[in-house]
Protein chains: 2
Amino acid sequence: MTVSTVTGAASRTVSAEAMCPYRLVLEHVTSRWGVLVLIELLERPHRFSELRRAIGRVSEKGVSEKMLAQTLQTLERDGLVHRDARPVIPPRVDYSLTGLGREAAEQVRTLAEWTHRRMPDVARARQTYDEARTDAVRAS
Amino acid sequence: MTVSTVTGAASRTVSAEAMCPYRLVLEHVTSRWGVLVLIELLERPHRFSELRRAIGRVSEKGVSEKMLAQTLQTLERDGLVHRDARPVIPPRVDYSLTGLGREAAEQVRTLAEWTHRRMPDVARARQTYDEARTDAVRAS
DNA sequence: CCGGATCCGTAGAGATACTG
DNA sequence: CAGTATCTCTACGGATCCGG
């Protein structure tokens with residue numbers, strides 16, 4: 001077995017984690033799919049495919065199975081997500097937040113809500129920026 | 001001129017932004033270098049190279065000039081960062097947070113501090129996870 | 001059938017070298 | 001010093017396979 005991502009990280013980070021441990025966790029939490037997974041799990045526990053669909057609902061062209069699995073593994077390893085694999089057929093795996101994960105998820109959700117709330121301001125800023133940029137090009 | 005990143009994004013996002021605008025802003029804010037830039041600028045305004053050095057101090061193997069420029073342009077376009085380019089020789093450009101940027105940066109910093117604080121818990125969780133994983137392999 | 005693991009192709013992140 | 005052009009390489013998605 002190779003487990004390029006999770007275990008691979010475990011061995012590579014023998015040096016990488018040593019230099020700046022918390023930055024990596026921060027990157028996991030703020031990663032593209034990590035953010036969405038945490039927010040979604042804050043609502044309620046989800047099964048794998050449930051999570052995939054839920055994220056696809058928000059992210060338009062949702063997460064691939066591969067990336068979802070990878071993200072979940074990383075978050076599980078960091079102790080933010082709990083994985084409950086029931087040995088039944090068809091297999092059923094439930095994901096939920098740990099106490100630690102809930103703390104992180106709440107912060108992330110707060111940030112997401114802020115972003116959503118401030119969106120109009122951002123849109124205005126962009127328009128101004130783009131117009132200035134366009135004028136500059138026209139002037140040349 | 002192409003301006004592959006900033007202006008390129010402006011045209012590509014005619015469709016991309018239309019589907020889910022705020023997710024993109026969230027990604028800018030939580031992006032690898034975006035996080036560090038915001039936190040660093042929360043301290044005080046920085047010049048380009050100052051910023052680069054400051055981030056290199058935290059991130060071990062810091063940000064490349066290209067990525068820093070790109071990140072700053074994105075954040076400027078979103079109205080989070082203010083760019084003050086003084087027409088002198090040698091060129092001097094100061095970056096600072098806007099009001100909007102300060103709000104975002106404070107949230108990001110809070111999250112970063114939380115991560116730092118909870119690092120021991122994460123480390124323990126990882127150890128448990130890795131050991132379980134190792135045992136599973138040994139059993140096979 | 002579901003939850004992944006693996007292999008491979010591509011686009012975008014990233015470093016390096018160059019310019020004003 | 002600040003920023004761009006060019007090249008490299010990794011992260012991500014898609015298809016396929018597998019074990020339960």
Side-chain angles (χ1 to χ4, degrees), chain A residues 1-9 12 16 24 27-28 30-37 45-53 55-56 59-77 81 83-95 133 136 140, chain B residues 1-9 12-13 16 24 27-28 30-37 45-56 59-76 81 83-95 133 136-137 140:
Chain A
M1 71 158 241
T2 49
V3 195
S4 60
T5 318
V6 172
T7 310
R12 261 187 290 101
L24 291 172
E27 288 195 7
H28 297 165
T30 61
S31 73
R32 185 166 192 195
W33 305 119
V35 168
L36 299 183
V37 165
H46 283 70
R47 299 184 55 177
F48 187 86
S49 311
E50 240 176 7
L51 208 45
R52 200 160 121 76
R53 275 189 299 272
I55 289 177
S59 178
E60 236 70 26
K61 190 182 184 186
V63 59
S64 66
E65 291 180 6
K66 180 191 172 184
M67 288 316 295
L68 181 56
Q70 197 173 103
T71 302
L72 286 168
Q73 283 169 14
T74 304
L75 294 178
E76 187 196 357
R77 188 169 105 95
V81 162
R83 180 191 144 111
D84 182 26
R86 324 254 321 237
V88 297
I89 294 177
R92 169 168 187 124
V93 183
D94 285 87
Y95 291 94
R133 206 69 188 120
S140 67
Chain B
M1 69 161 247
T2 49
V3 195
S4 60
T5 319
V6 173
T7 310
R12 260 188 289 100
T13 48
L24 292 171
E27 288 196 7
H28 297 165
T30 61
S31 73
R32 184 165 193 194
W33 306 118
V35 168
L36 298 183
V37 165
H46 283 71
R47 301 182 55 175
F48 187 87
S49 310
E50 238 176 8
L51 208 44
R52 200 160 122 74
R53 275 189 297 272
I55 288 177
S59 177
E60 235 71 27
K61 190 182 184 187
V63 59
S64 68
E65 294 176 4
K66 180 196 170 183
M67 290 314 294
L68 180 56
Q70 199 174 98
T71 302
L72 286 168
Q73 283 168 15
T74 304
L75 294 178
E76 188 197 357
V81 162
R83 179 192 143 111
D84 183 25
R86 324 251 324 235
V88 297
I89 294 176
R92 171 170 187 122
V93 183
D94 285 86
Y95 291 93
R133 207 69 188 122
V137 170
S140 67

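Letters A, B, ... are given to chains in the order of the sequence lines, protein chains preceding strands, and every chain is numbered from 1. Being a predicted model, the structure only gives us computed values, none of them experimental.
Residues A:Glu50 and B:Gly62 both approach DNA chain C. Their nearest nucleotides, taken by heavy-atom distance, put A:Glu50 toward the 5′ side. A residue-by-residue look at A:Glu65 and A:Pro90 shows that A:Glu65 has its nearest nucleotide of DNA chain D further toward the 5' end. Each of B:Leu72 and A:Val63 was assigned the nucleotide of DNA chain D with the nearest heavy atom; the assignment lying further toward the 5' end belongs to B:Leu72.
Atom P of nucleotide D:dC12 and atom NZ of A:Lys61 are separated by 13 Å, given to the nearest angstrom. A:Asp94 places its CG atom 12 Å from the C1' atom of C:dC2, with the value rounded to the nearest Å. The distance from atom CZ of A:Phe48 to atom P of C:dC2 is 12 Å, rounded to the nearest whole Å. To the nearest angstrom, P of D:dT4 lies 5 Å from CD of B:Gln73. Atom P of nucleotide D:dC9 and atom NZ of B:Lys66 are separated by 14 Å, given to the nearest angstrom. Whole-Å rounding puts the A:Glu27 CD to D:dA11 P distance at 10 Å. Straight-line distance from the CD atom of A:Gln70 to the C1' atom of D:dT10: 11 Å, rounded to whole Å. Rounded to a whole Å, the CE atom of A:Met67 is 19 Å from the P atom of C:dT10.
Here the closest non-hydrogen pair linking B:Arg32 and B:Leu36 is O-CG, 3.8 Å. Residues A:Arg83 and A:Tyr95 share a closest heavy-atom pair of NH1-OH, 3.3 Å. In plain terms, the two heavy atoms of B:Phe48 and B:Glu65 that are nearest each other are CZ-O, 3.7 Å. Shortest non-hydrogen contact noted between A:His28 and A:Leu75 is O-CD2, 4.1 Å.
Within the 4.5 Å cutoff, the side chain of B:Leu51 has heavy atoms near those of the B:Leu68 side chain.
Candidate nucleotides C:dG14, D:dG13, C:dG4 were compared by shortest atom distance to the side chain of B:Arg32, and C:dG14 ranks first. Side-chain proximity of A:Ser64 to C:dA17, C:dC2, D:dG13: nearest is D:dG13.
Between B:Trp33 and C:dA15 there is no side-chain polar atom (N or O) within less than 4.0 angstrom of OP1 or OP2. Dashed line: the shortest gap from a side-chain N or O of A:Arg47 to OP1 or OP2 of C:dC2 is not under 4.0 Å. Look at B:Arg92 and you won't find any side-chain N or O under 4.0 angstrom from OP1 or OP2 of D:dA2. At least one side-chain nitrogen or oxygen of A:Tyr95 sits closer than 4.0 Å to the OP1 or OP2 atom of C:dG4.
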